Amino acid sequence: MRADSSRPDRWHVTFRTFASLSLANAGGAVLVFVYLTMLAPEYGDEPRTTNLGLSVATFVAYWLVILPIGYVAGRRLLWSATCWLDEHRPPTEEERRDTLRTPWRFLGLVLAFWLGAPVVFGSLNLVVLGNPWSIVVRNTIGTLLGALTTGALTFLLVERALRPVVALALHGTPPPGTRALGIRPRLIVSWALGSGIPFVAIAMTVSHTHGADVRLAVAFLACAGMVGGGLVLFAAADSVSTPLEHLRGAVRQVEQGDLEVEVTVDDGGEVGRLQAGFNAMVTGLRERQQLRDLFGRYVGVDVARQALLQTGLGGEQRVASALFVDLVGSTGLAERRPPSEVVRTLNAMFDAVVDVVGKEGGWVNKFEGDGALCVFGAPVAQADHAARALRAARQLRRCLVALRVEHPSLDAGIGVSSGTVVAGNVGAEARYEYTVIGDPVNEAARLTELAKQRPGRVLAAEGAVHLAGEEAQCWVSVGSFELRGRAVPTRAYEPRSS
């Protein structure tokens, strides 16, 4: 949610909304009143009685009554939909819908007040002034046309006044797309306000005047203006709305994860630039996704996710387990076998490492020549990291034995150790990597060297077995060993024979 300094003030929004409403309705009411009372021509030979003073007094009295009512009703409607503004919190889903419905509710409010005018002035003409029904019908139709014009203008003005509130209500949330006018209906409403209703008024005016030729000509022009203008505007609206509908569909595909979508750039103006911009954006997203996928393959999905959340050098202490695997006799293998066979053997071993370690929720930290360092418990914490590492070691040994059918020279030692490590980004500011450092890593590497000399090829430190829970039952002690670079003997375990 935005900072409080950017939140619109409810009093300011209320003032803008009612200022727009007042101007639209007062202007529309005055225009309709002046036309129907002073400028509308006589209907043939039917007499019309006028009393300008009484009509003006009735007009003023009517609006003096409904304006306070409209203000109270409108403010209650507006404030009920924006109460969350003063509470400095995001709106609930229901409050968000109420905010988006507000222009429609104001439209209904304005139309309700306008519909009272034909009743008041119809009674004035019939009862007080004694005018015929034709005058009442004409005034009613004229008032309804004014109500439609003013109501549509009210909707557009209220929607504009509430844009800061709507922007805040929709912050971080896609618009539902069902509460606002689309481009096509918006343009058609604009045409109706500017051309359609005035043409209807012209046709009505000349339909009861003298002079058949003039009536026919003006009526024809009015109809031609309405039909032609409507067709032209519909075509213009369609030329904008159709590409935008395609864009909206493409955006929906991107939201669903399809980054291969592309829209056709078929316009040389602003819409075309929007289409081209969308294609450029999707290309950038696709390249970023490819880089993220490649990055994840290099460092692992969990490390890639960690890198997106935290950048820069530094680390933290973790209790984790390290599994080290190293090819037996790699130097001799490289001397006796062609390079292509050596690479195939290493890739077969690394495929097995990645598969087994991944199934146990571990992370292959790095491939080091003919060996690999795998970590359990970092970067994602795991309470059973030791059990996972020991199970992976046993399963990996079985996989490597099975692979010797196809790769007879494939043999590897495996070492496992658990304890406190430092996990984090190590290197320089210009280039660093996520890794683990600590005694368990060194101990696992030394156990791997020792494991190469034993038939089972797998050894685990006592600390890992003690942390393994039920998995410890699958391991048996084989004694204590002096490991290179370590002052204290290490008690080692190997898998129990099944």
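Just so you know, these numbers come straight off a predicted model, no measurement behind them.
For Arg391, the salt bridge (charged side-chain N to carboxylate O under 4.0 Å, His left out) partners are Glu360, not counting sequence neighbours. Every residue two or more places apart in sequence or in another chain that forms a side chain to side chain contact (heavy atoms under 4.5 Å, CB included) with Ala393 is listed here: Leu323, Ile414, Val416, Val458, Trp475. Legend: residues meeting side-chain hydrogen bond (donor to acceptor under 3.5 Å, both in side chains) with Gln395, ordered by chain and number and at least two apart, are Arg398. For Ser80, there are no side chain to side chain contact (heavy atoms under 4.5 Å, CB included) partners two or more places apart in sequence or in a different chain. Residues passing the salt bridge (charged side-chain N to carboxylate O under 4.0 Å, His left out) test with Asp258: none are found, sequence neighbours excluded. Judged as a salt bridge (charged side-chain N to carboxylate O under 4.0 Å, His left out), and not counting sequence neighbours, Glu470 has no contacts. For the ring pair (Phe, Tyr, Trp, His ring centres under 6.0 Å) test, residues two or more places apart in sequence or in another chain that qualify with Phe367 are Phe350. Not a single salt bridge (charged side-chain N to carboxylate O under 4.0 Å, His left out) links Asp351 to another residue, sequence neighbours left out. Scanning for side-chain hydrogen bond (donor to acceptor under 3.5 Å, both in side chains) contacts around Ser417 gives Glu443, with sequence neighbours left out. Applying the side-chain hydrogen bond (donor to acceptor under 3.5 Å, both in side chains) test to Thr58 and every residue at least two apart in sequence or in another chain returns nothing.
Looking at every heavy atom in both residues, His385 comes nearest to Ser321 through ND1-OG, 2.7 Å. For Ala386 against Leu467, the heavy-atom pair with the smallest separation is CB-CB, 3.7 Å.
Classification of Glu255 and Arg252 as a salt-bridged pair fails, no side-chain N sitting under 4.0 Å from a carboxylate O.
For the pair Leu107/Leu111, a side-chain contact is recorded, criterion being any heavy-atom separation below 4.5 Å from C-beta on.
Applying the salt bridge (Lys or Arg N to Asp or Glu O under 4.0 Å) test to pairs two or more places apart or on separate chains, those with a residue in residues 103-121 are Asp98-Arg105.
Each of Val357, Val364, Val436 was scored for a side chain to side chain contact (heavy atoms under 4.5 Å, CB included) with Val375, with one residue passing: Val436.
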Residues 60-77, side-chain donor-acceptor partners within the protein, below 3.5 Å, at least two apart:
residue : atom : partner : partner atom : Å
Tyr62   : OH   : Phe113  : O            : 2.4
Tyr62   : OH   : Ala117  : N            : 3.2

